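To keep things clear, I will list the structure first and then write my remarks on it.
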Amino acid sequence: MPKKVKIHIDKVSKVYQTEDGRELSVLRELSLDILEDEFVCIIGPSGCGKTTLLSIIAGLQPATSGRILVDGDIVSGPGRDRGVVFQEDAIFLWRKVIHNVEYGLQLRKVPKTERRKIVQEYLKLVGLEDFANFFPKELSGGMKKKVALATVYANDPTILLMDEPFGSLDYPTKCRLQLELLKLWKTKTKTTVFITHDVEEAIFLSDRIVVLQNGKVETVYENLLPRPRADELRVQTEFNKIKGDLRGYLE
Amino acid sequence: MSLVNDTMVRFGRKLRFYYLTLLTVGTILVVWEVTAHALSFFTPFATTILPPLEHIITVSLPGFATFYGVGMPGIYGKAPSFSFAFLVLGYHSIITFFRVITGTLLGAAIGIGLGILIGWSYRFETFVGIPLLFIRTVPLLAMIPLFIVWFGGSELGVLLYIAFGSFIMLVINTMEAIRNVPPVYQKYARTLGATRGQLFRTVIIPAIVPELTGGIRVVIGLSWAIGLAAEYLATQRGLGRMMILSEQYMYTGRMIMIAFLYMIFSIGLNKVYVQGANYITRWVPRVEEIRERR
Ligand SMILES: Nc1ncnc2c1ncn2[C@@H]1O[C@H](COP(=O)(O)OP(=O)(O)OP(=O)(O)O)[C@@H](O)[C@H]1O
Ligand SMILES: [Mg+2]
């Protein structure tokens with residue numbers, strides 16, 4: 001059964017105007033289709049335009065040329081159908097964990113009792129129910145990422161855009177959060193675009209891996225590793241074989 | 001064990017801090033006293049130049065009773081006594097306190113409100129923000145004569161002058177604070193579905209609070225000075241008026257007494273304010289101790 005195209009990226013280019021007056025061509029006629037409910041990882045060296053691409057999909061900045069269609073509609077601005085977990089910590093420092101997670105629901109004026117029920121559910125899913133009344137300054141880096149994840153999930157977008165969410169974490173924490181993310185994705189499946197520059201992370205999470213290079217899609221790798229995936233997978237031969245294959249593209 | 005230790009260390013540090021403060025203040029007072037008495041060997045005007053502490057307490061303080069009835073109800077002038085002196089000082093303190101607080105609050109409310117509106121709309125920025133940039137360049141003290149012309153030496157004039165000073169400082173502070181809100185918060189809120197109004201209410205306003213609490217603290221401190229300047233020139237009541245009366249009769253001790261009152265009030269108000277502000281901004285991540293250890 002062929003799946004429907006969820007995000008259609010059509011010859012998108014981005015040229016930045018730098019402060020010293022030069023032009024920086026970051027994306028060059030990049031085209032890519034992302035399917036419904038698919039988990040796509042985008043990898044590529046630092047500075048190759050991953051964040052730029054993500055923020056254009058999110059509608060936070062315009063493309064210089066080309067267009068992006070979501071469910072057939074042109075993206076012209078941000079919307080709650082596309083939730084974003086940013087590379088840097090974006091959760092609101094003045095809101096306690098529970099009030100962070102309910103933020104999107106509050107914006108939509110979801111009644112309080114229902115809101116609390118949804119929030120409890122997601123706090124539980126990411127394992128933060130005991131920290132509901134903590135301020136972000138009282139959390140660890142990994143916990144802050146979980147709050148962002150729970151907030152975006154609770155807002156129920158159809159697309160999840162994640163920009164190196166676990167980039168700054170230590171290896172065991174990263175592995176744990178990857179498992180939790182897959183658990184979330186399994187229970188509440190969403191089209192997910194996950195940026196990383198960690199090849200192993202990309203293999204562990206994705207259905208497909210898109211390698212970006214010089215503002216273009218260098219290659220797309222079909223990742224057929226079976227799901228559900230567990231930590232043991234990381235040391236198996238198929239896993240390492242894919243790693244070896246991808247290394248080639250990343251030099 | 002380490003918790004007990006920690007508490008003890010902290011208690012010890014606190015004790016040392018009080019001890020050092022006491023020592024410093026004590027030294028200043030002793031130097032003062034010695035200088036004051038030494039002066040009397042050289043000049044007959046020693047109490048006018050630098051009155052000794054016991055003179056301030058036993059002569060200058062009760063002396064305020066002679067100002068009874070000035071700018072306040074009652075028949076003018078009483079013989080020096082502590083009770084009437086306290087009445088006089090209490091009355092004028094309350095007036096000054098009231099002016100400083102209401103003036104600052106009024107100015108802060110308008111300043112912050114306008115700052116937010118300027119951040120909200122281009123129209124406000126051009127019609128209000130730009131004229132403000134010009135008004136801001138006029139030295140605050142140079143506005144006193146204008147306020148006297150407009151409001152006479154009235155209660156309202158002083159209050160509005162304090163409000164004006166707070167307003168100018170806080171409107172700029174607010175505009176600056178809005179500019180400093182990290183863009184990632186705004187992006188995050190918009191991807192979660194916030195409209196522009198919601199963005200302002202739920203992101204911009206809470207995010208500027210820490211910067212504003214700092215600004216307001218400075219403004220409260222300055223309000224005492226602005227208020228004094230205005231009272232000094234233009235009113236019949238308030239501590240500033242007491243100051244100028246004391247000066248006219250060359251009562252140096254009384255002037256020092258009023259300065260001391262200002263100090264107490266200013267420290268007290270600041271302390272209360274800081275407690276409140278710390279509570280409101282308790283979410284702000286801070287390093288525990290950046291100074292060297294005591
Ligand atoms: N606002 C901007 N103005 C000018 N140049 C920019 C701007 N944002 C990004 N760039 C440039 O665009 C290029 C791509 O940046 P981008 O943030 O998309 O990289 P990235 O792939 O996400 O890198 P990383 O893995 O380090 O996060 C970089 O060379 C950067 O200097
Ligand atoms: Mg990036």
Side-chain angles (χ1 to χ4, degrees), chain A residues 51 54-61 75 77-97 99-110 133-141 144 147-163, chain B residues 3 6 112 115-116 119-120 122 173-174 176-217 273-290:
Chain A
T51 300
L54 196 86
S55 72
I56 295 173
I57 300 175
L60 290 168
Q61 58 177 334
V75 167
R80 81 165 192 90
D81 58 326
R82 284 153 288 142
V84 182
V85 178
F86 290 89
Q87 190 166 8
E88 60 267 57
D89 279 329
I91 60 173
F92 303 128
L93 296 180
W94 53 89
R95 285 176 171 249
K96 291 178 175 175
V97 168
H99 298 128
N100 257 293
V101 177
E102 72 177 2
Y103 181 74
L105 304 168
Q106 236 173 10
L107 293 178
R108 271 183 288 140
K109 311 206 165 51
V110 175
N133 284 310
F134 278 48
F135 278 111
K137 72 166 185 182
E138 297 159 321
L139 303 177
S140 72
K144 281 184 218 162
V147 174
L149 197 58
T151 308
V152 172
Y153 250 97
N155 200 34
D156 199 24
T158 57
I159 295 172
L160 192 62
L161 306 171
M162 305 178 80
D163 194 354
Chain B
L3 199 72
D6 206 43
I112 294 170
I116 290 171
W120 168 259
Y122 280 112
N173 194 213
T174 307
E176 201 55 38
I178 290 177
R179 278 165 46 95
N180 289 342
V181 176
V184 71
Y185 286 142
Q186 309 187 30
K187 293 199 238 166
Y188 184 53
R190 284 170 63 206
T191 58
L192 287 166
T195 60
R196 215 162 78 84
Q198 287 175 324
L199 187 72
F200 251 78
R201 228 165 351 97
T202 61
V203 178
I204 304 291
I205 291 176
I208 62 177
V209 166
E211 205 173 318
L212 286 187
T213 51
I216 294 172
R217 185 175 171 187
Y273 176 78
V274 167
Q275 296 266 319
N278 278 348
Y279 180 75
I280 295 173
T281 60
R282 66 195 184 287
W283 53 269
V284 178
R286 296 183 202 280
V287 270
E288 293 212 347
E289 186 65 90
I290 30 181

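Chain letters run A, B, ... following the sequence lines, proteins first and then strands; every chain starts at 1. What's counted below: heavy atoms across the whole structure, side chains too, no hydrogens, waters or symmetry copies. Everything numeric in this text was worked out from a predicted model, so none of it was measured.
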Check every N and O of chain B against chain A and note each donor-acceptor pair under 3.5 Å, with its distance.
residue	atom	partner	partner atom	Å
B/L192	O	A/N155	ND2	3.1
B/Q198	NE2	A/L107	O	2.9
B/T202	OG1	A/Y103	OH	2.6
B/R282	O	A/K137	NZ	2.6

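- For a residue to count as touching a neighbouring chain, one of its non-hydrogen atoms must lie under 4.5 Å from one of that chain's; by this rule B/V209 does not touch chain A.
- Only the side chain of A/L60 comes within contact range of chain B, judged by heavy atoms closer than 4.5 Å.
- Comparing A/P136, A/A90, A/G104 by heavy-atom pairs within less than 4.5 Å of chain B, the highest count is held by A/A90.
- Looking at A/F86, the atoms closer than 4.5 Å to chain B (heavy atoms on both sides) all sit in the side chain, from C-beta outward.
- The two residues A/L107 and B/A189 have their closest heavy-atom pair at CD1-O, 4.4 Å.
- A/I57 meets the side-chain contact (heavy atoms from CB on, under 4.5 Å) test with A/I7, A/I9, A/L53, A/I68, A/L161; sequence neighbours excluded.
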